[in-house]
Asks: 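My questions all concern the structure below.
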Amino acid sequence: QVQLVESGGGSVQAGGSLRLSCTASRRGYSNYILAWFRQAPGKEREFVAGINWDGSNAYYADSVKGRFIISRDNGETAVYLEMNSLKPPDTAVYYCAAADRLRLTTMASEYIYWGQGTQVTVSS
C-alpha cells in the first residue's frame, strides 16, 4: 500500500503562483506514472497533468498547458506541480495519483493510489 500526501495548496489572487508537492509513504513507486487531478465543487474530477516514470514525458490538459509544469524526483519519491498565471477557474481540490503502468493516461480509473487532496483557491 502506498500513501500519497499532498501539500502546498492555499489561496492566491489571479495571476499568482503556487507549487504543489506530493510525497509517497514509501519507495518503490519510481516506475509508476504520476499525475495531478482536480475537482471543483459540483464538477467531475478532471485530469490536469501526468508524467511518466523517468520524467522524460509529460502531458497536460489543454486548460493548463503553458501555465503548469509537472515534475518528479524519484530519489525523494515526490511529484510536483508548478502552477503559474493562476485563474479563478483553477479553483479546486487537487489530488496526486499513481498508476502502475508505462503509458500515460488521463483516465482517473487507471490510477490506483490517491492522495487526500489539497485545496487551491484563486480569487479575481
Side-chain angles (χ1 to χ4, degrees):
Q1 185 79 14
V2 176
Q3 289 184 321
L4 303 175
V5 179
E6 301 98 336
S7 62
S11 297
V12 65
Q13 289 191 328
S17 299
L18 284 173
R19 185 176 190 247
L20 305 183
S21 300
C22 174
T23 57
S25 59
R26 64 169 177 83
R27 297 183 182 276
Y29 86 117
S30 59
N31 58 334
Y32 284 28
I33 289 172
L34 300 173
W36 289 92
F37 287 77
R38 67 186 182 187
Q39 187 166 19
K43 294 188 176 182
E44 293 186 355
R45 190 168 298 189
E46 65 173 356
F47 174 84
V48 175
I51 190 166
N52 69 336
W53 73 276
D54 65 353
S56 62
N57 187 27
Y59 185 76
Y60 299 89
D62 288 342
S63 59
V64 306
K65 200 172 295 183
R67 300 188 296 124
F68 291 11
I69 300 172
I70 187 172
S71 61
R72 66 186 292 168
D73 184 339
N74 288 340
E76 297 295 324
T77 62
V79 60
Y80 308 99
L81 186 67
E82 186 76 31
M83 304 186 295
N84 302 305
S85 302
L86 282 162
K87 306 174 182 179
D90 294 320
T91 296
V93 177
Y94 283 71
Y95 300 88
C96 69
D100 184 10
R101 52 181 288 153
L102 294 177
R103 185 170 293 181
L104 281 171
T105 177
T106 63
M107 296 179 62
S109 59
E110 295 291 327
Y111 290 83
I112 56 176
Y113 298 115
W114 291 85
Q116 82 289 350
T118 185
Q119 176 70 46
V120 172
T121 302
V122 184
S123 58
S124 57

Asks: Nearest 0.5 Å, what's the CG-CG distance between Asp73 and Leu34?
Replies: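 With rounding to 0.5 Å, CG (Asp73) is 11.0 Å from CG (Leu34).
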Asks: Could you tell me whether a side-chain N or O of Glu6 sits under 3.5 Å from a main-chain N or O of Gln116, the two making a donor and an acceptor?
Replies: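 Between the backbone of Gln116 and the side chain of Glu6 there is a qualifying donor-acceptor contact (under 3.5 Å).
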Asks: Which atoms form the tightest heavy-atom contact between Cys96 and Leu4, and what is the distance?
Replies: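 Nearest pair, atom of Cys96 first, then Leu4: SG-CB, 3.6 Å.
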Asks: Is there a path of hydrophobic side-chain contacts, each under 4.5 Å between heavy atoms of I/L/V/M/F/W/Y residues, joining Met83 to Val12?
Replies: yes
Asks: Judged by atom type as modelled, is there a donor-acceptor pair below 3.5 Å linking the side chain of Asn52 to the main-chain atoms of Asn57?
Replies: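 Yes; at least one donor-acceptor contact below 3.5 Å.
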Asks: Whether Lys87 and Asp90 form a salt bridge (side-chain N of Lys/Arg under 4.0 Å from carboxylate O of Asp/Glu) is what I want to check.
Replies: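 Not counted as a salt bridge, because no side-chain N and carboxylate O are separated by less than 4.0 Å.
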Asks: For Leu81 and Ala49, which heavy atoms make the closest approach, and how far apart are they?
Replies: CD1-CB, 4.2 Å
Asks: If you group Ile, Leu, Val, Met, Phe, Trp and Tyr whenever their side-chain heavy atoms sit less than 4.5 Å apart, what else falls in with Val5?
Replies: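 Reading the cluster by chain and number, Val5 sits alone, since nothing else belongs.
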Asks: Around Glu46, counting heavy atoms of other residues, nucleotides and ligands shown, do more than 12 lie under 6.0 Å from its CD?
Replies: yes
Asks: Shortest non-hydrogen contact from Leu18 to Gly8?
Replies: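 Smallest heavy-atom distance, with atoms named: CD2-O, 4.0 Å.
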Asks: If you define the side chain from C-beta out and look only at heavy atoms, does anything of Leu86 sit under 4.5 Å from Gln13?
Replies: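 SC-SC contact between Leu86 and Gln13 ruled out.
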Asks: How close do Tyr60 and Lys65 get, counting heavy atoms only, and between which atoms?
Replies: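 Closest approach of Tyr60 to Lys65, heavy atoms only: O-CE, 3.7 Å.
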Asks: Side chains of Arg38 and Val64: closer than 4.5 Å at any heavy-atom pair?
Replies: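 The answer is yes; the side chains approach within 4.5 Å.
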Asks: Mind listing the closest non-hydrogen atom pair of Ala78 and Thr23 along with its distance?
Replies: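 Smallest heavy-atom distance, with atoms named: CB-CG2, 4.0 Å.
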Asks: Between Ala14 and Ser124, which heavy-atom pair has the shortest distance, and what is it?
Replies: CB-CA, 4.3 Å
Asks: Calculate, to the nearest 0.5 Å, the distance between atoms CD1 and CZ belonging to Ile69 and Arg19 respectively.
Replies: 10.5 Å
Asks: For the CZ atom of Phe68 and the CH2 atom of Trp36, what is their distance to the nearest 0.5 Å?
Replies: 11.0 Å
Asks: Would you say Thr121's side chain and Thr91's backbone share a donor-acceptor pair under 3.5 angstrom?
Replies: no
Asks: Mind checking who shares a hydrophobic cluster with Ile33, ILVMFWY linked at side-chain heavy-atom distances under 4.5 Å?
Replies: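 Ile33 shares its hydrophobic cluster with Phe37, Phe47, Tyr59, Val93, Tyr95, Leu104, Tyr111, Trp114.
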Asks: Between atom OH of Tyr32 and atom CG of Asp100, what is the distance when rounded to the nearest 0.5 Å?
Replies: 4.0 Å
Asks: Return the CD to OG1 distance between Glu110 and Thr105, rounded to the nearest 0.5 Å.
Replies: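 Reported value, rounded in 0.5 Å steps: 5.0 Å.
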